[in-house]
Amino acid sequence: MSFPKDFLWGGSISASQAEGAFNEGGRSPVQIDFGDAGSSAGPRKIYYENADGSRGEMYQFEHLPQGAKYRYYDDIHYTNHVGSDFYHTYKDDIKLFAELGLKHFNTTVSWARIYPHGTEGGLNTEGVEFYRNVFSELRKYGIEPIITLYKYDEPVYFEETYGGWENRKMIDEFVAFATVCFTEYKDLVRRWLTFNEINVLLQGADRPGAEGKAPGLFREIHNQMVAAARSVKAAHAVDPAIQVGCMIAGCSVYPMTPDPADVIAAYRFFQDEFCYCADTMMRGAYPDFADRFRGRYGVTMEISEEDKKDLAEGTSDFIGFSYYFSNCITTHKDEVKGREVRGVTDVKNPYIGASDWGWQIDPLGFKFLLHLINDRYQKPILDIENGLGAYDRIDEDGRIRDSYRIDYHRKHIAAMKEAVEEGVRLMGYTVWGFLDLVSFGTGQMDKRYGMIYVDMNDQGEGTLERRKKDSFSWYQKVIASNGEDLD
Ligand code: BG6
């Protein structure tokens, strides 16, 4: 057998993308609530009202302009308001997860349900109870909840009150929230992840029109990493056996040519994208290349002794990561077309295919990344997201023949199997968007990742009925055979 017998085969969703019930149970609004549905051609937008009453729009992660406030408009359909309705259907959904044979399930605790208006507004016991019920229901079926604390969904209250993560008050607020979760759920949840894809925020520094934003983004990330480190310490104070991991958006990066300049550019891309955060959280200090990376944006940072101590003492117990695609980098910008990023060009790799959204499908890149992570950090690894966003069709006989999704997972699991056989200490594999949900990047319901279909579209039409796709029984077989039967 290639996989250890306690290998964690899982499925993953998130609160803001799946729960819906955006204004129930004492929950306060989060930024994503104000987003529409984009398309395969472009990301979603977040809408707000400017101080002069006009309508404004921005990308996720951006901040409100001075004097603006979030508001809903009648002509926009907000897909996250209903999501997959998991808030109301979790019992039936978990029954299906158990039928499939999941060993673990990952979702997030919505901060906006626990402390809707920060610590000052007090704990929302209804929210605390909701998650206790969800975790208990999972345990009832022997499914381990592995829970993420933060997925870009802090209450907008924090942006309104503190201006967001640049303000160090957010560190205390987050640690208070995390500590309540560790304490309340210590008998139910033994493994946590702090910030989902913490490194993604820095990508905002390369967006068109982002000039001048880099210093703030580097400070936000720094505060989040300090908050994560303090939370690891807080968890261990509650119970030393609780394990807390970080969560980094994974990428494998190839040079487009053997030109040494391309090879170095590709390696540097990986350092900046992945290792800047992963090194800090796993090894307890910023990597030696940190000044070089920040310097690209003209950013310098003084780190206080107190923060250095927290980072050193609060290293993550394991490394969680997501993986969807790889990148191909070149310095030969005049010879190719691609996305300009940090002075290099990210091009389409001709050796691999892509999804309908242009995400390049690369199972060997997954294996490559597993080895890089294993060699570099030497701690347990958990793949917490991997999946294919696709348009699904219900055939006349009611079946959803998502052979493309089966093929995607089969190839990634096969590549991962090889990595495990070659010594990579992987704890588990997690299918992202296991239950259809709202896409984070585009806000679409129609970009589906699930093995369980949810009847809801981008326009808000649908019964929310669940339906097993062909991939459901395929993954059931994979888990039952502990990854031996991938046919
Ligand atoms: C990851 C996020 O980046 O990618 C998820 O953690 C997200 O929240 C997933 O849904 C897939 O991205 P998208 O944009 O297709 O939803």
Side-chain angles (χ1 to χ4, degrees), residues 10-20 30-33 35-46 59-61 79-80 83-84 86 105-111 146-154 193-204 207 224 245-252 273-274 277-278 319-327 354-362 365-366 369 382-392 404-405 408-409 412 429-451 454 456 458:
S12 175
I13 62 169
S14 82
S16 68
Q17 294 171 269
E19 278 175 13
V30 304
Q31 189 190 56
I32 210 175
D33 293 345
D36 63 357
S39 69
S40 55
R44 75 187 323 182
K45 294 280 175 46
I46 304 290
Y59 293 115
Q60 292 174 115
F61 300 124
T79 37
N80 291 74
S84 328
F86 184 73
F105 177 66
N106 168 252
T107 185
T108 57
V109 173
S110 169
W111 195 344
I146 299 183
I147 304 302
T148 304
L149 287 162
Y150 176 88
K151 197 159 198 166
Y152 332 114
D153 61 345
E154 65 272 43
L193 294 138
T194 44
F195 289 81
N196 181 73
E197 294 190 339
I198 189 165
N199 49 334
V200 160
L201 190 58
L202 280 177
Q203 291 171 2
R207 279 207 184 116
Q224 292 187 353
C246 57
M247 198 306 209
I248 316 285
C251 58
S252 353
E273 286 287 307
F274 192 87
C277 291
I319 178 162
F321 76 103
S322 60
Y323 177 79
Y324 291 92
F325 50 73
S326 55
N327 299 83
S355 76
D356 289 338
W357 280 261
W359 292 20
Q360 293 223 262
I361 300 170
D362 181 12
F366 186 37
L369 179 62
L382 178 62
D383 162 65
I384 200 74
E385 286 186 24
N386 176 239
L388 176 72
Y391 292 109
D392 290 335
Y404 35 89
R405 185 167 294 109
Y408 179 97
H409 286 288
H412 282 77
Y429 174 79
T430 318
V431 172
W432 165 249
F434 179 69
L435 173 77
D436 282 350
L437 41 62
V438 180
S439 152
F440 187 81
T442 71
Q444 292 174 277
M445 246 344 256
D446 289 336
K447 184 182 188 186
R448 297 174 182 278
Y449 285 87
M451 295 184 166
V454 175
M456 180 54 62
D458 292 350

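As the structure lists them, so they are numbered: ligands from 1, and atoms in each ligand from 1.
- At a cut-off of 3.5 Å, with distance as the only test, a side-chain donor of Ser322 or Glu197 sits close to an acceptor on the other residue.
- With atom 3 (O) of ligand 1 as the reference point, the heavy atom nearest to it among Glu197, Arg448, Gln60, Gln17 is part of Glu197.
- Without hydrogens or angle criteria, Ser355 side chain to Trp357 main chain gives a donor-acceptor distance under 3.5 Å.
- Distance from atom 12 (O) of ligand 1 to its nearest protein heavy atom, with residue and atom name: Trp359 CH2, 3.3 Å.
- Arg448 pairs in a side chain to side chain contact (heavy atoms under 4.5 Å, CB included) with only one of the listed residues (Leu388, Asp436, Leu435), which is Asp436.
- For atom 16 (O) of ligand 1, the nearest protein heavy atom (residue, atom name, distance) is Phe440 N, 2.6 Å.
- Among Tyr323, Tyr324, Trp432, the residue whose heavy atom lies nearest to atom 4 (O) of ligand 1 is Tyr324.
- For Trp357, no heavy-atom contact with ligand 1 is shorter than 4.0 Å.
- Asp383 and Tyr323 share no donor-acceptor pair across their side chains, judged by distance under 3.5 Å alone.
- To the nearest 0.5 Å, atoms CZ (Phe321) and CG (Asn199) are separated by 12.0 Å.
- Taking every non-hydrogen atom of Lys447 and a distance limit under 4.0 Å, the qualifying atoms of ligand 1 come out as 13 (P), 15 (O).
- Close contacts between ligand 1 and Ser439 involve ligand atoms 13 (P), 14 (O), 15 (O), 16 (O) [criterion: under 4.0 Å to a heavy atom].
- Of the N and O atoms on the side chains of Thr79 and Asp458, not one donor lies less than 3.5 Å from an acceptor on the other residue.
- Ion pairing of Lys151 with Glu385 is present here, as a side-chain N (NZ or NE/NH1/NH2) and a carboxylate O approach within less than 4.0 Å.
- Contact annotation for Val200 and ligand 1: no heavy atom of the residue comes within less than 4.0 Å of the ligand.
- Those atoms of ligand 1 with a heavy atom of Tyr449 less than 4.0 angstrom away are 11 (C), 12 (O), 13 (P), 15 (O).
- Residue-ligand proximity, Asn196 to ligand 1, at heavy-atom distances under 4.0 Å covers atoms 6 (O).
- In terms of polar-atom proximity, defined here as any N/O pair under 3.5 Å, Gly441 does make such a contact with ligand 1.
- Cys251 SG to Tyr324 OH: the interatomic distance, rounded to the nearest 0.5 Å, is 14.0 Å.
- Neither the backbone nor the side chain of Tyr152 has any atom closer than 4.0 Å to an atom of ligand 1 (non-hydrogen atoms only).
- Protein heavy atom nearest atom 2 (C) of ligand 1, with residue, atom name and distance: Glu385 OE1, 3.4 Å.
- Side-chain polar atoms of Tyr391 and Asp446 form no donor-acceptor pair below 3.5 angstrom.
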